[in-house]
Each structure stands twice: as structure tokens, then as C-alpha cells.
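FYI, side chains are in, hydrogens and waters are out, and symmetry mates aren't considered; it's all heavy atoms of this structure. Not measured: the values here are computed from a predicted model.
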Amino acid sequence: MMRFIRQLKEDAYRRLLAETARRAGVREIAIALIALALGASATYSQLGPAGFLLLEGLDEFSFTGRALAFGDFNGDGIDDLAIGLPGLLVLPGGPEAGGVLVQLGTTGGVTLSMLLTASDLEDGEEQFQAGFGSSLAVGDFDADGRDDLAVGIPGYAINGEDGAGAFGVFYGRDGLSFLGDGELRSQAGLVGLPEESDWFGSSLAAGDLSGDGVDDLAIGVIGENLLVGVAQVSNAGAVNVVYGTEGVGLTSIGNQLLHHQVANVDGTAGQDDQFGFALAIGEFTGDGFQDLAVGIPGMGDFLVGGEDGFGGLRIFRGGDGGIDLSSSEPVWFQGSTGILGNPTDNDAFGTALAVGDFNGDRVTDLAVGVPGEDEFGPDHSGAVQILYGRQDIGLDDLGDQFFSESLFDGDVDEDDRFGEALAAGDFDLSGHDDLAIGAPRDDSLGVENAGEVSVLYGTDSGLSVAGAQLANMLFFDSLDPGDRFGQALAVGRHNGDHGPDLAIGAPSREVDGDILVGAVVVLFSRTLFVDGFETGDTSGWSATEP
């Protein structure tokens with residue numbers, strides 16, 4: 001039976017790659033992808049005339065590109081790209097269980113791809129609307145020099161509890177089968193209890209929180225219900241932290257559950273806080289230990305009277321052995337401790353997080369998405385705030401920056417959701433990280449919900465709107481309503497060039513009349529980020545100087 005299922009999956013994979021190649025309309029790419037789907041090798045250049053790669057999904061409701069992550073899974077020094085397809089119909093007539101397509105990075109020669117699903121996990125199974133691939137994170141959890149891939153499965157049923165959630169971890173290795181030893185993990189065996197609609201695995205982040213040189217994994221549980229006094233608070237949210245071990249990988253030893261009711265953590269859990277909706281790990285104090293940033297976009301009520309869903313952020317310090325809960329930092333939100341902005345209903349501060357060194361001082365800074373912000377534009381036009389890390393101090397309000405599209409883009413509309421996705425990388429090789437910002441519901445060039453991505457560049461004084469860049473799907477293909485270009489972003493070195501490349505997801509894109517198929521664009525740094533940006537065809541880009 002398993003052999004039969006494997007054959008069906010391989011047939012579906014052939015269809016996926018062959019159809020993607022056909023739609024690309026480029027003979028060299030089509031030949032390469034078809035050959036790869038059949039298990040053969042092929043040589044071609046990933047760099048097209050405009051320096052990008054467009055990958056479209058196949059099936060309706062697959063949401064190709066809903067999550068993206070780069071990692072070097074085979075240890076060859078070139079980043080590979082993992083693409084989440086959380087609605088993928090894996091088996092004909094079977095459930096829409098989801099999948100992850102992983103494409104090896106290449107310098108322009110032989111490349112391989114792999115399709116991962118829940119059946120590739122030990123004791124895993126395909127489940128209807130499990131959402132395999134809804135979130136992704138990359139880290140070296142066993143310290144073998146090859147990156148490993150964590151895959152969120154937030155809709156997975158555990159012990160009969162629908163939507164309890166799970167994640168899968170695949171360990172990188174050499175050879176053609178470059179991800180293997182898939183393990184299924186849930187709150188069973190960890191601190192916490194798998195319960196209906198916990199959505200364990202809805203967000204993921206990887207980094208070394210214990211300072212032992214091995215990466216660890218933080219897992220968002222945004223539907224976690226908590227007991228506050230004698231009352232149960234629904235969807236308060238929590239975060240599990242699972243630690244990596246050299247030569248072993250992720251284990252349950254010393255795992256922790258973080259939330260607003262944990263001892264020494266100030267604050268009170270609120271209904272629909274969604275603590276853990278976004279996660280990021282970075283060294284904010286420069287002390288050698290990485291810290292965990294937790295987005296709480298639904299937070300409100302108990303901090304600011306009458307305002308709901310303005311959102312918040314909490315930092316947990318890493319230390320010897322893991323997260324240090326001996327003391328707690330205050331929760332961050334707009335208007336607190338000098339942070340710019342005013343907390344108002346549904347700002348959703350903390351919806352997205354990204355770490356980078358934007359001012360080049362070698363201490364990690366944090367970008368925070370506020371996609372519901374309306375302080376500088378119409379309702380839910382969105383904004384991004386930058387909190388800067390300081391040596392031995394950590395994040396504070398000194399130099400806090402507040403960006404909206406209105407500062408560099410004259411076309412700001414209601415529900416643009418600027419800041420709903422974030423990713424950082426040094427695109428211009430200046431020594432300062434730059435920030436890519438997704439506005440997936442932007443009516444770009446008047447096309448409803450087509451989506452747009454902006455890039456702000458880092459300087460010695462932080463991010464700047466000088467030379468800010470805008471991109472939409474027109475640069476790569478047609479600009480269509482409902483694409484939601486910019487819903488997901490990731491940065492890595494996918495083509496072996498010296499600079500980082502930017503992957504952009506458009507998970508709601510319609511393809512050949514099929515709805516919600518999705519697509520991913522990879523912009524290669526070799527041509528797109530030279531002397532600040534694209535030097536070739538700029539028909540889909542614009543720039544505004546202040």
C-alpha cells in the first residue's frame with residue numbers, strides 16, 4: 001500500500017513540475033524541470049533575461065508560496081528554497097493535506113527538487129486541511145553542518161483532537177535525497193496538552209537560544225486556551241520551545257511553554273491575543289545569547305482601556321540552558337516606553353517580525369509589522385516599526401523608526417496591509433541589512449489585492465526611505481487581482497552568487513483559470529541588486545527620493 005501511495009505522489013509531482021514548466025513558456029527551463037521530475041539531471045541557467053525565476057503551482061487551493069524559507073540542506077554552501085503549499089491535494093481523490101516543494105540551490109548547473117508531505121514523516125499521515133507547509137523554519141538542530149527543515153502542520157489532528165497541530169522536522173544530509181529522517185512532533189510529550197484548535201505549529205522560528213552552538217525551535221500555539229484565575233481564556237496563545245542536541249536533533253529534554261500566565265512574566269492573558277502569531281530569534285543585546293521575540297497582534301484590553309487588538313511584543317532572553325525566566329521584560333506596544341505611535345483598535349502590532357542589523361553596529365535589530373495601522377493613511381493601510389538593539393542593553397526606544405507607504409509611495413489605500421510580511425538581508429552589500437516589506441492586499445496600479453513589495457535600505461543611522469523600491473507582479477508576469485504578491489518573503493543565497501536573493505510568495509494567484517493556485521518569484525541578486533538595485537528592465541519598479 002505504501003508503495004502505491006508513493007507512486008501516486010511521484011505522479012502528482014511529475015504533473016506539478018511539468019505543468020509549471022509548460023506555463024513558464026521558456027524551453028530551457030521546461031526541459032530542465034521535466035527532466036528533474038523524471039529523476040534525470042539537466043543543465044540550464046536559472047538566471048533569465050531579467051534575473052528572476054517564476055514558479056507557479058498546479059492545483060486549485062494549493063496556496064503555493066504561503067510560506068517560504070531558505071536553508072543549505074545538503075551542505076554545499078548554496079541555499080535551497082522550501083516552498084509551502086498548505087492546500088496541496090497530494091493524492092488524487094484524497095485530502096487537501098498540503099506539501100512542501102524544496103528546490104536545491106545551484107550555480108546554474110544541475111538542480112534537483114523534492115516534494116515533502118506528511119506521509120514522509122514517521123507515523124505521519126495525510127489529513128484533510130492539516131495545512132502541512134503553513135509555516136517553515138530552518139536551523140541546524142543536530143549541529144552536523146547541514147541545515148534542517150521544520151514544517152508547521154497547524155491543522156493536524158492529534159489523539160482525535162482536530163486542529164491540535166503538529167510540526168515535522170526533516171534533517172539535512174548529503175546526496176540526492178537531501179532531506180530525510182522525517183519526524184512528527186506535537187505537544188504530546190512536551191509541556192502542554194494537544195487540544196482542539198490549538199493550532200500548534202502555526203508559526204516557527206529557529207536559532208540558538210541556549211548558547212550551546214546548536215539551533216533550537218520555537219513553535220507558536222496561537223489557539224492555546226489559558227486559565228486566568230477561575231476563567232478560561234480562549235485563543236490566548238502560547239509558544240513551545242524545543243531544544244536541539246548535537247548529533248541527535250530536537251528532543252523534549254528541557255522544553256518550555258511560554259505565555260502570559262507563566263511565573264515571572266508580567267501581564268495577563270487576554271481572549272484572542274494570539275500570543276506567538278509571529279516569532280523571530282536574534283541577538284538583541286550582543287551578549288552571545290540569542291533571544292526570542294514573540295508577536296501578540298491580538299493583544300489589547302488589559303493595557304489600554306477600550307482599545308482591542310492593538311497588538312504587542314514580548315522579548316524572552318536566551319541564556320545558558322535556554323530561555324531565562326528568572327526575570328521578565330515589560331511587554332512592548334505602541335505608546336509604551338517611548339515607542340512611536342498610538343495603540344488603536346486592530347492595529348495588530350506584532351503580526352510579522354524580522355531580524356537584521358539595519359544600522360551596521362553588529363547588534364541585531366527588530367522590524368515589527370503593524371498591518372492594521374491607520375495613523376498615516378486609511379484604515380489598515382499598515383506600517384512597520386524598527387526597534388534597535390544596543391550592546392548589553394537590548395531593544396529600546398532609542399532611534400525607534402516608524403514607516404508607512406505614505407513616506408515613499410503616493411498610492412496608499414485602505415486595507416493595503418503594509419507590513420504583513422517582512423524579511424531582511426543585505427541586498428546592496430553595503431554592510432547594513434535592508435528590509436523587504438510585503439503589502440499583499442495593495443491595489444497595485446489599481447488592480448485589487450494584487451499586492452506589492454517594498455525594499456528599504458540600511459544606513460549607519462538605520463533604515464532610510466531614500467531610494468526605496470517598489471515591485472509588483474507586472475515585473476515578472478501579468479498583474480492580476482487577488483494575487484496577494486508579498487504575502488510571504490524569504491532571503492537566502494539560492495544561485496551561488498555573492499549577494500542574497502529574495503523569494504516572494506503570491507499564494508492566491510490564479511493560474512490558467514484555476515483559483516488560489518499560487519506562485520513564487522525568486523529575484524536573483526546578480527542582476528537585481530547591483531549598486532542598490534535593478535540596472536536592467538525597470539518596468540515593474542519605481543523609486544521615490546524624499
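In this structure a side-chain-to-backbone donor-acceptor pair under 3.5 Å is missing from S62 to L85. Side-chain atoms of D148 come within 3.5 Å of backbone N or O of F141 as a donor-acceptor pair. The backbone N or O of D79 lies less than 3.5 Å from a partner atom in the side chain of H494, making a donor-acceptor pair. Formation of a donor-acceptor pair under 3.5 Å by the D216 side chain with backbone atoms of G244 is found in this model. Side-chain atoms of S203 come within 3.5 Å of backbone N or O of G276 as a donor-acceptor pair. No side-chain donor-acceptor contact under 3.5 Å links S478 to the backbone of D480. Of the possible donor and acceptor atoms, one in the side chain of E161 sits under 3.5 Å from a partner among the backbone N and O of E196. Side chain of S135 to backbone of G201: a donor-acceptor contact under 3.5 angstrom is found.
Taken to the nearest 0.5 Å, the CH2 atom of W332 stands 8.5 Å off from the CZ atom of F349. Put simply, CG on D442 and CG on N449 are 9.0 Å apart, with the number rounded to the nearest 0.5 Å. A distance of 5.0 Å separates CD1 in I504 from CZ in F476, rounded to the nearest 0.5 Å. Atom CZ of R66 sits about 4.5 Å away from atom CD of Q487, to the nearest 0.5 Å. Here N159 contributes atom CG and Q187 contributes atom CD; the two are 11.5 Å apart, rounded to the nearest 0.5 Å. Remark: I281 CD1 to D215 CG distance equals 8.0 Å, nearest 0.5 Å.
For the pair V384/L422, a side-chain contact is recorded, criterion being any heavy-atom separation below 4.5 Å from C-beta on. A 4.5 Å side-chain heavy-atom check between T117 and E126 finds at least one atom pair inside the cut-off. Residues D426 and D434 meet the side-chain proximity criterion, which asks for heavy atoms closer than 4.5 Å. Counting heavy atoms from C-beta on, the side chains of H380 and D347 never come closer than 4.5 Å.
Using a 30° and 60° split on the angle between ring planes, F275 and F316 fall in the perpendicular class, above 60°. Using a 30° and 60° split on the angle between ring planes, F52 and F475 fall in the tilted class, from 30° to 60°.
Evaluation of the ring-ring contact (aromatic ring centres under 6.0 Å, His included) rule for F170 yields no partner, not counting sequence neighbours.
The nearest pair of heavy atoms linking A69 to V138 is CB-CG2, 3.9 Å.
Under 3.5 Å, the side chains of Q129 and Q127 contain no donor-acceptor pair of N or O atoms.
Tested against S444 for a side-chain hydrogen bond (donor to acceptor under 3.5 Å, both in side chains), the candidates N472, D409, D413, D416 yield a single pass: N472.
Between R509 and D477 there is a salt bridge, with a side-chain nitrogen of the basic residue lying less than 4.0 Å from a carboxylate oxygen of the acidic one.
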